[in-house]
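All figures in this text were calculated on a predicted structure; none of them were measured in a lab. Convention: sequence-line order gives letters A, B, ...; per-chain numbering from 1.
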There are 2 protein chains.
Amino acid sequence: MTAVLLIEDDDRIRLSLVLALEDEGYAAHAVATAEEGLIEQRRVGADTVLIDLMLPGMDGFECIRQLRRTDDVPIVVISARDDTHDIVAALEAGADDYLIKPVAVKELAARLRALRRRSRTADAPALRILTFGDLELRPEAGEVRLHGAEVPVTRTEFQLLCELDDHAGQVLSREQLLQRVWGYDIGDERLVDVHVGRLRHKIEDTPGKPRHLVTVRGLGYKLQP
Amino acid sequence: MTAVLLIEDDDRIRLSLVLALEDEGYAAHAVATAEEGLIEQRRVGADTVLIDLMLPGMDGFECIRQLRRTDDVPIVVISARDDTHDIVAALEAGADDYLIKPVAVKELAARLRALRRRSRTADAPALRILTFGDLELRPEAGEVRLHGAEVPVTRTEFQLLCELDDHAGQVLSREQLLQRVWGYDIGDERLVDVHVGRLRHKIEDTPGKPRHLVTVRGLGYKLQP
DNA sequence: TCTCGGCATGACGATTTCATGACAAGACTG
DNA sequence: CAGTCTTGTCATGAAATCGTCATGCCGAGA
């Protein structure tokens, strides 16, 4: 059974939501403040956290941020405030979904199922530093290194490389690359060739024999893992 | 850049959403019908699909179900209908989120970011590998391996192999293969023979005794599981 | 065994697909 | 404002690939 932790200060809503969730087959557990919620989640480790934004003491936003420091648990906000600004802030703080009170329990249950479907895996990815043999890509730093030495690449080249990197090992068609790097719907696909060529000059040692950025004839290009 | 596919029949909404998404830094691409959407997603493979529910022809629910049969892409519904029943049905069909028109673009963008944050970890190692004894087929990588070593294969050969693979174990007639790989309605069936022959040179070790790509006299070819 | 239709295969010209160098129009910098 | 960097377009040539055809083989049924 799925364990849900509800953080909500209003007694009536808290009680009715717990009952409704139990009806839907969840093991629901509720507390009234953000502080209790943090402790409880650390202790119990529910599969999903439901949280109100307006809480006495620590507010919902801060609670979400603190949860997110240590926990990748799916978080759904349930709030009376329907302001776009609040919604964006909550999602940016680390929430996964935002429902406006009064909530339809069926909808809540469906959203919880959808979210759970999506959150199957647990491990959080570390800072990405991707290595392909002697080629290093640091997306956050905007750096490309070959044999440890930084290689100057232009913005377009870098984006192209990142796009290929995001799908390392997969073939991306010129069309896909045009769409993703340039934002074109249609356009001259030779443009991709030209940039791939330029990139190769910089990141391949042996001309004519690309080891990283290989072309798959008739399909596109890919970055060799 | 993140590629988004929008499926929306209303011209005004479609255009304004595309522009708004591009402002937010997405590579947006739009079609007007569910049927086009399915084709487009198979062709281009966006990172996220936005879809309206009320569409001419195939409706949004069915489109979501069909997408989900082959694709794990995040799907966000954007609909004018605010009925709980519709929301639940869409989420159950496989959607990840549901927004009610008119949508606040900032909220949409925030939800897309949240969804992407959530999906990224899950679908990282999604490279399919299909194995037939010593023969390996990696559709996304555009690779064919025999005894672990990569075999260079042309596009048509690769498509032919994928098609046979999709129906592994069952016989496909030359006519079916012509239709599926070449798109011909009619044509010279010898063409299939020639390509099967070329493919065999590459993926069979013992000439004259095909172990993977078997011909069924009078019927067609099949890939032996 | 003979015959015949289905199948395999090698060759070849036509076409497609790629790589690359050159160039001009911006963008950026000092 | 001049010089440099970046970017998109184009032309060209090389190489890989495609579809067709002709030829010959092989298996199944008589």
Side-chain angles (χ1 to χ4, degrees), chain A residues 142 144 150-164 171-222 224, chain B residues 1 142 144 150-164 171-222:
Chain A
V144 180
E150 185 169 356
V151 178
V153 292
T154 71
R155 192 160 41 93
T156 333
E157 286 162 7
F158 187 71
Q159 283 185 31
L160 178 60
L161 200 50
C162 284
E163 213 51 62
L164 286 162
V171 181
L172 292 177
S173 68
R174 287 153 224 276
E175 196 178 354
Q176 284 176 308
L177 290 169
L178 265 183
Q179 163 96 31
R180 287 158 182 271
V181 176
W182 284 267
Y184 292 2
D185 276 3
I186 54 160
D188 189 358
E189 304 197 333
R190 298 287 121 250
L191 178 56
V192 179
D193 297 25
V194 173
H195 276 88
V196 165
R198 287 173 181 157
L199 207 36
R200 287 216 257 240
H201 268 121
K202 300 183 179 180
I203 64 171
E204 303 283 3
D205 326 83
T206 49
K209 290 275 176 197
R211 294 188 305 118
H212 304 113
L213 214 174
V214 301
T215 129
V216 182
R217 189 166 245 271
L219 295 178
Y221 297 97
K222 71 175 172 183
Q224 201 73 269
Chain B
M1 196 185 305
V144 179
E150 185 168 355
V151 178
V153 168
T154 73
R155 182 180 38 171
T156 353
E157 286 161 8
F158 187 71
Q159 285 177 2
L160 179 59
L161 201 49
C162 286
E163 209 51 59
L164 286 162
V171 182
L172 290 177
S173 69
R174 287 153 225 276
E175 196 180 348
Q176 285 175 306
L177 289 168
L178 266 182
Q179 168 78 42
R180 289 160 184 274
V181 176
W182 283 267
Y184 293 1
D185 277 356
I186 57 162
D188 189 358
E189 304 198 334
R190 297 289 120 248
L191 179 56
V192 180
D193 297 23
V194 174
H195 276 89
V196 166
R198 299 212 245 250
L199 206 37
R200 287 215 258 241
H201 267 123
K202 300 182 179 178
I203 64 171
E204 303 284 4
D205 328 80
T206 49
K209 289 277 176 197
R211 294 188 305 119
H212 304 114
L213 216 173
V214 186
T215 132
V216 182
R217 201 182 170 80
L219 295 178
Y221 298 97
K222 71 173 174 181

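- Taken from CD in Glu163(A) to CD in Gln179(A), the straight-line distance is 10.0 Å, to the nearest 0.5 Å.
- You'll find the side chain of Arg174(B) reaches within 4.5 Å of the side chain of Asp193(B), heavy atoms only.
- Over its length, the helix from dT1(C)-dA30(D) to dG30(C)-dC1(D) turns its helix axis by 40°, as judged from the five terminal pairs at each end, rounded to 10°.
- In this entry the distance linking NZ of Lys202(A) with C1' of dT7(D) reads 11 Å, nearest Å.
- The interatomic distance linking Leu191(A) (CG) with dA22(C) (P) rounds to 19 Å, in whole Å.
- For the pair His195(A) and dG8(D), the criterion of a side-chain N or O lying under 4.0 Å from OP1 or OP2 is met.
- Between Arg211(B) and Glu204(B), the shortest heavy-atom contact is N-OE1, 2.9 Å.
- Residue Lys209(A) contributes atom NZ, which lies 13 Å from atom P of dT20(C) at whole-angstrom precision.
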Could you please spell out the steps behind the side-chain contact (heavy atoms from CB on, under 4.5 Å) verdict for Phe158(B) and Leu219(A)? CA-CA 10 Å; Phe158(B) 187 71; Leu219(A) 295 178; 4.2 Å; yes
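- Distance CD (Glu189(A)) to C1' (dT9(D)): 15 Å, rounded to an integer number of Å.
- Heavy atoms of Gly208(A) sit nowhere under 4.0 angstrom from any nucleic acid atom.
- Of all heavy-atom pairs between Ile203(B) and His212(B), the closest is O-ND1, 3.4 Å.
- Look at CD on Glu157(A): it is 13 Å from P on dC5(D), rounded to the nearest Å.
- Residue Trp182(A) has no polar side-chain atom (N or O) positioned under 4.0 Å from OP1 or OP2 of dT7(D).
- Between Tyr221(A) and dA19(C) there is a side-chain polar atom (N or O) within less than 4.0 angstrom of OP1 or OP2.
- The side chain of Thr156(A) contributes an N or O atom lying less than 4.0 Å from OP1 or OP2 of dT7(D).
- Of the candidates dG10(C), dG21(C), dT20(D), dT20(D) carries the atom nearest the Asp188(B) side chain, counting heavy atoms from C-beta on.
- If you measure from atom CZ of Arg155(B) to atom P of dA15(D), you get 21 Å, rounded to the nearest angstrom.
- Heavy atoms only, all atoms of each residue included: Lys222(B) and Val171(B) are closest at CB-CA, 3.8 Å.
- Of the possible polar contacts, one joining the Arg200(B) side chain to the Leu213(B) backbone as a donor-acceptor pair under 3.5 Å is found.
- At whole-Å resolution of the value, CZ in Phe158(B) and C1' in dT17(D) are 16 Å apart.
- The interatomic distance linking Leu199(A) (CG) with dT7(D) (P) rounds to 11 Å, in whole Å.
- Residue Val194(B) is in base contact, counting any heavy-atom pair closer than 4.0 Å across all strands shown.
- Nearest nucleotide to the Asp193(B) side chain, out of dT9(C), dT7(D), dT9(D): dT9(C).
- Taking every heavy atom of both residues into account, Leu160(B) and Val181(B) meet most closely at CA-CG2, 3.8 Å.
- When every heavy atom of Trp182(B) is checked against every heavy atom of Leu177(B), the shortest pair comes out as CE3-O, 3.6 Å.
- With dT7(D), dT17(D), dC10(D) as the candidates, the nucleotide lying closest to the side chain of Thr154(B) is dT17(D).
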Short heteroatom pairs, N/O only, protein and nucleotides 22-30 of chain D, under 3.5 Å:
none

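- The two residues Asp188(B) and Leu178(B) make their nearest non-hydrogen contact at O-CD1, 3.9 Å.
- Considering only side-chain N and O atoms, Arg198(B) lies nowhere under 4.0 angstrom from the phosphate OP1 or OP2 of dT9(C).
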